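Structure, as structure tokens:
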Protein chains: 2
Amino acid sequence: MTPAPIPLHPAPEVALDAVFFALSDPVRRAILERLDEGALLVSELAAPFDISLQAVSRHIQVLVRAGLVHQARSGRISRCTLDAAPLHDAAVWMNRYAKYWQAGFDTLAKHLLRLDDERAQSKKDDR
Amino acid sequence: MTPAPIPLHPAPEVALDAVFFALSDPVRRAILERLDEGALLVSELAAPFDISLQAVSRHIQVLVRAGLVHQARSGRISRCTLDAAPLHDAAVWMNRYAKYWQAGFDTLAKHLLRLDDERAQSKKDDR
DNA sequence: TTGAGAGTCAACTAATTGGTTGATTATGTA
DNA sequence: TACATAATCAACCAATTAGTTGACTCTCAA
């Protein structure tokens, strides 16, 4: 009997957890911004930061766990590349709320919200 | 001499930290999804979850800290409403990477990446 | 072969997180 | 008034996080 296969991709929900968590740190966001301009070594990524190389290495591993960075080790060096695909899933999730900041919201939707608030207020007052 | 005024809005970087962190938990994302359909009380928000009301109350406070939820207390009850504005800032940050998943990436950009990988590979080989 | 460099692993610490239960505050209501 | 309800506060616990330093592996080069 073979052991249960390890799933190649985590459940989408868990993946979103990891992606958003990875984005919640300024060092990790800065790493992603630098990788957007091209592949870099761990030591090159670490140079601008005022923390140890080990700390940066672990930040990179958080990004790898989220699927946002790939590491290609070749000898001593480890070339880090961006993989923006998981960001797409996160953007899709956030798209649900795009209606709130798209053109027209300031006039129409905020007005509707204000009406809603006033309705709730009057509902409270007439008890 | 008056004390230094407390800034109304945190620095944008810190705000992104709080927003992405708030999104990194499935309970908090579910709360935002429910609030997208209308304002709800804390107890209404808590009902579907298998954790204590206190735990949900603290999740809501994480969302409030991120500016994603407003609470209007009126007597015993606390009406929670969605504020998607901070999500906009997060979406703007993520937009930098939209080029990777937009149409044409599969053919053009991945090809460029492959070229880049091959260049790096040959650079390594000829030492 | 010897040593320096790139990177990770391991152990430790302090702070934060996410959950719990119990007490407390404040407001409706019988 | 007395009691139930809505919600938060406070204390506690286990797990995780983000940083440190030190040891280790592996590779390149003198």
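Both backbone and side-chain heavy atoms feed into the values below; hydrogens, waters and symmetry mates do not. Naming: A, B, ... by sequence-line order, numbering from 1 per chain. Please read these numbers as outputs of a predicted model, since none were measured by experiment.
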Among D/dG19, C/dT8, C/dG19, which nucleotide has an atom closest to any side-chain atom of B/Arg58?
C/dG19

Base, sugar-phosphate alone, or nothing: which one does A/Ser43 contact when heavy atoms must sit under 4.0 Å apart?
sugar-phosphate

Nearest whole Å is fine: how far is D/dG19 P from A/Phe49 CZ?
10 Å

Could you state the atom-to-atom distance from CZ of A/Arg29 to P of D/dA18 in whole Å?
12 Å

When you match A/Val27 and B/Glu44 each to their closest nucleotide on DNA chain D, which lands nearer the 5' end?
B/Glu44

Taking N and O atoms by type only, does the side chain of A/Gln71 place a donor or acceptor under 3.5 Å from a partner on the base of C/dG7?
no

With DNA chain C as reference, determine whether B/Arg65 or B/Ala55 sits nearer its 5' end, using the nearest nucleotide of each.
B/Arg65

Below 4.0 angstrom from OP1 or OP2 of C/dA6, is there any side-chain N or O of A/Ser78?
no

Separation of D/dT8 P from B/Leu45 CG (nearest whole Å)
10 Å

On DNA chain D, nearest-nucleotide positions of A/Arg76 versus A/Phe21: which is more 5'?
A/Phe21

Tell me: CG of B/Asp17 to P of C/dT16, nearest whole Å?
14 Å

For A/Glu33, is there any backbone N or O sitting under 3.5 Å from a side-chain donor or acceptor partner on B/Tyr97?
yes

Short N-O contact, B/Lys99 and A/Asp36, less than 4.0 angstrom
yes

Euclidean distance, atom CG of residue A/Leu63 to atom P of C/dG7 [Å, nearest integer]
16 Å

Would you indicate, yes or no, if C/dG19 has its OP1 or OP2 atom less than 4.0 angstrom from a side-chain nitrogen or oxygen of B/His59?
yes

If only side-chain N and O atoms of B/Ser57 are considered, is one of them under 4.0 Å from the OP1 or OP2 phosphate oxygen of D/dA7?
no

Take the protein atom CG of A/Leu53 and the nucleotide atom P of D/dG19, then report the distance between them rounded to whole Å.
13 Å

Identify which nucleotide among C/dG18, C/dA6, D/dA18 has an atom closest to any side-chain atom of B/Arg28, counting heavy atoms from C-beta outward.
C/dG18

Hey, mind stepping through A/Leu23 and A/Arg28 against side chain to side chain contact (heavy atoms under 4.5 Å, CB included) and telling me if it holds?
CA-CA 6 Å; A/Leu23 297 182; A/Arg28 291 192 289 262; over 6 Å; no

Please confirm whether the shortest side-chain N or O distance from B/Gln54 to OP1 or OP2 of D/dA6 is below 4.0 Å.
no

What's the spacing between B/Met94 CE and B/Asp89 CG if we round to 0.5 Å?
13.0 Å

Here the distance between atom P of C/dT16 and atom CD of B/Gln61, to the nearest Å, is 16 Å

Are B/Ser52 and C/dT20 close enough that a side-chain N or O sits under 4.0 Å from OP1 or OP2?
yes

Verdict with supporting geometry, A/Ile60 and A/Cys80, side chain to side chain contact (heavy atoms under 4.5 Å, CB included)
CA-CA 9 Å; A/Ile60 293 171; A/Cys80 301; 4.3 Å; yes

Is it the case that C/dG7 (base atoms only) and A/Arg73 (side chain only) share a donor and an acceptor within less than 3.5 Å, ignoring hydrogens and angles?
no

CD1 of B/Ile51 versus C1' of C/dT17: gap in Å, rounded?
13 Å

Angle class for the A/Phe20/B/Phe20 ring planes (parallel below 30°, perpendicular above 60°, tilted otherwise)?
parallel

